[in-house]
Number of protein chains: 2
Amino acid sequence: MLEARVKQAAVLKKLLDAIKELVTDGNLDCTDEGIALQAMDNSHVALVSLKLVAEQFESYRCDRNMPLGVNLTSLTKILKCAKDQDVVTLKAPDDADSLGLVFESPKEDRVGEYEMKLMDIDQEHLGIPDTQYDATITMSSSEFQRICRDLAALGESVKIEASKEGVRFSSEGEVGNGSVLLKQSAGNDRGGSSSKNKSVKRDPDEDNENDDEDEERDEKPEIDDDEGEDELDDEDRSKKRKSNGKAKPAKKAKKDDSAGTDEIGVSIILEKQVSLTFSLKYLTNFAKSAPLAREVSLHMSNDVPLLVQFDFEQGTLQFFLAPKVSFFFAFLTVKNK
Amino acid sequence: MLEARVKQAAVLKKLLDAIKELVTDGNLDCTDEGIALQAMDNSHVALVSLKLVAEQFESYRCDRNMPLGVNLTSLTKILKCAKDQDVVTLKAPDDADSLGLVFESPKEDRVGEYEMKLMDIDQEHLGIPDTQYDATITMSSSEFQRICRDLAALGESVKIEASKEGVRFSSEGEVGNGSVLLKQSAGNDRGGSSSKNKSVKRDPDEDNENDDEDEERDEKPEIDDDEGEDELDDEDRSKKRKSNGKAKPAKKAKKDDSAGTDEIGVSIILEKQVSLTFSLKYLTNFAKSAPLAREVSLHMSNDVPLLVQFDFEQGTLQFFLAPKVSFFFAFLTVKNK
DNA sequence: CCTGTTCTAT
DNA sequence: ATAGAACAGG
């Protein structure tokens, strides 16, 4: 059986607001590690991957793996019946054909009990390669959302160009053209923009791109001084980012944040310059996850699907989208061979 | 002639927002006691009864009884021309074929004068029995609204079950089932839940139900200790509640409110357990009156129309709705025989 | 955290 | 025109 307790209904609500327009049905894969959902979007262009880790539930118990086929529209409706600060308990017996949800007000004077019918969903479990990306941009999620909204007013697609100076989003359309250039924050220029950060994530055997890395280094020797330290930096940063979901006190997620302020800034970890074009329709949809996390990271390599990732306290939400010249399925399967 | 002065246009606006969707036309029955409106809803399923008492107007004068047939949609339009704190004066000569409305800004630097055409409406004046109910639930009007909205997302109808532990609203539908249990507030458990409260409202000659009352008493002797006191309690409480409309300072309407806080809590006065099913479409409509009053009271007896009542400073707004097994008209006429 | 307001989408 | 969602303020 499954019994998972979530402190704040708000998290689940935001999650569903974030993905319900992209995916209408999906399996909640419940294991002892947590709850995951992975699904192609309705038009099979984008991939959504959600992970809620068991440790971050208030309590979590899952005796055996079970995929719970849920209609996300229905689940959204039911979650609307919870107040933001209600404690949510998800319950499903082993042979469940329905998912139980209990919403308890903090004062415990109000209990909502709901039961949602489940459905059988044939799950093509998609292998997502743990790719290394040529460029990783970390920025304010709300700024990302704003840019997508703004540019969507102009055109259908956006070109994202990442260089070490910054990242440029540009779009063209009937009424005109537009572009937004975000400069890398000063502080991040030190910690980011160079090659060492990524080496943390990179598999040691992927050496083919190291030449590029060196090239990049040569171009900016002045920012490579504290390389050894940065490896630690990066690990540290990602930890903090994770615990940073919507918690206000943990504002200085990056210790190397430019100003001592709570501003997020833009950090670019660049292996090599990339320039990719994506459908704004999808990006704006991804950007709806902004309420979940202060930061978003965009992971890009040329001719490879974009990864848009939101790390929040309870887990991670990832969106994959093929560039307009689509290698998406090739990309997805390449890793499994 | 009629000349009635209302301190705050906001009250009238909220009133019309509350009922205009249910009733499009109706007679404003003006007497020296105040202004009343009573009408079946458009589909003749629910009954709306509004009373504005003369004493609660800033000034009130009505020389002779006159029914003013108004189209509530038109009245709503005209009231939109008033600011919330404008002083409203309703004027109608004895032979009126139109109703005059004057909106004066508090600073008296702005005067709006409007005239609305009246219509002749054949008024079947419906006798509403002053029934005693088996269960009376008092709760936050906004919570009531919330619950109706939530459950309306699941199903067409709601079952309301009142017991001394609390009240349960439940609904079933395609996507699943849901229920909300509100526990009676601790403090209210003392004042409520027993039989004596209703004796305040009951006509002395209605003795047919007293047997039931005694039976109920025998079943729960432990809560009958402070009976004599409670009669006073109830009178006191209803007075306070009435003066409580939307006035923020008068928060502790119930002196026996559980916490000393400004929370409303749930109070249940139970003669015997009831379980009734109602159309959520109508309840959500009734719940639109929430802005008028912090509290709403639900009065129920088995197989008898529900009374949903909002008491506000200037008067009372009542809604009657037959349970899904409809004895409504039988109920309405039974008292007139 | 709730209320009131505004905007948008239907 | 209305109702829901997002936002700001208290």
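Naming: A, B, ... by sequence-line order, numbering from 1 per chain.
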Tightest non-hydrogen contact, residues B:Ala162 and B:Ile137, listed as CB-CD1, 3.9 Å
Under 4.0 Å, counting only non-hydrogen atoms across every strand here, what does A:Lys288 touch: a base, just sugar-phosphate, or nothing? nothing
Of the listed C:dC2, D:dT2, C:dT3, the closest approach to the A:Gln85 side chain comes from C:dC2
Counting any heavy atom closer than 4.0 Å, what does B:Lys77 reach on the DNA or RNA strands: base, sugar-phosphate only, or nothing? nothing
When rounded to whole Å, the CD to C1' distance for the pair A:Gln8 and C:dC1 reads 11 Å
Between NZ of B:Lys13 and C1' of D:dT2 the distance, given in whole Å, is 16 Å
Query raised in the report: Hey, what's the ring geometry for B:Phe103 with B:Tyr114, parallel, tilted or perpendicular (30° and 60° as the breaks)?
Result: tilted
Rounded to whole Å, NZ of B:Lys14 lies from P of C:dT5 at a distance of 9 Å
In short, salt bridge (charged side-chain N to carboxylate O under 4.0 Å, His left out) pairs touching residues 141-151 of chain B with sequence neighbours left out are A:Arg110-B:Glu143, B:Arg146-B:Asp150
In whole angstroms, the gap separating P of C:dG4 from NZ of B:Lys83 amounts to 19 Å
Whole-Å distance, B:Leu22 CG to D:dT2 C1', equals 16 Å
Test side-chain contact (heavy atoms from CB on, under 4.5 Å), reference A:Leu151, set A:Ser157, A:Ser171, A:Ser170, output is A:Ser171
Where the side chain of A:Asn71 meets the backbone of A:Asp25, is there a donor-acceptor pair that is under 3.5 Å apart?
no
From CG of B:Asp84 across to C1' of C:dG4 the rounded distance in Å is 11 Å
Would you indicate whether B:Gln56, at its atom CD, is surrounded by more than 12 heavy atoms from other residues, nucleotides or ligands within a distance under 6.0 Å? yes
Could you go over nucleotides 4-10 of chain D and give all protein N or O partners under 3.5 Å, atom names and distances?
residue : atom : partner : partner atom : Å
D:dA5   : OP1  : A:Lys80 : NZ           : 3.0

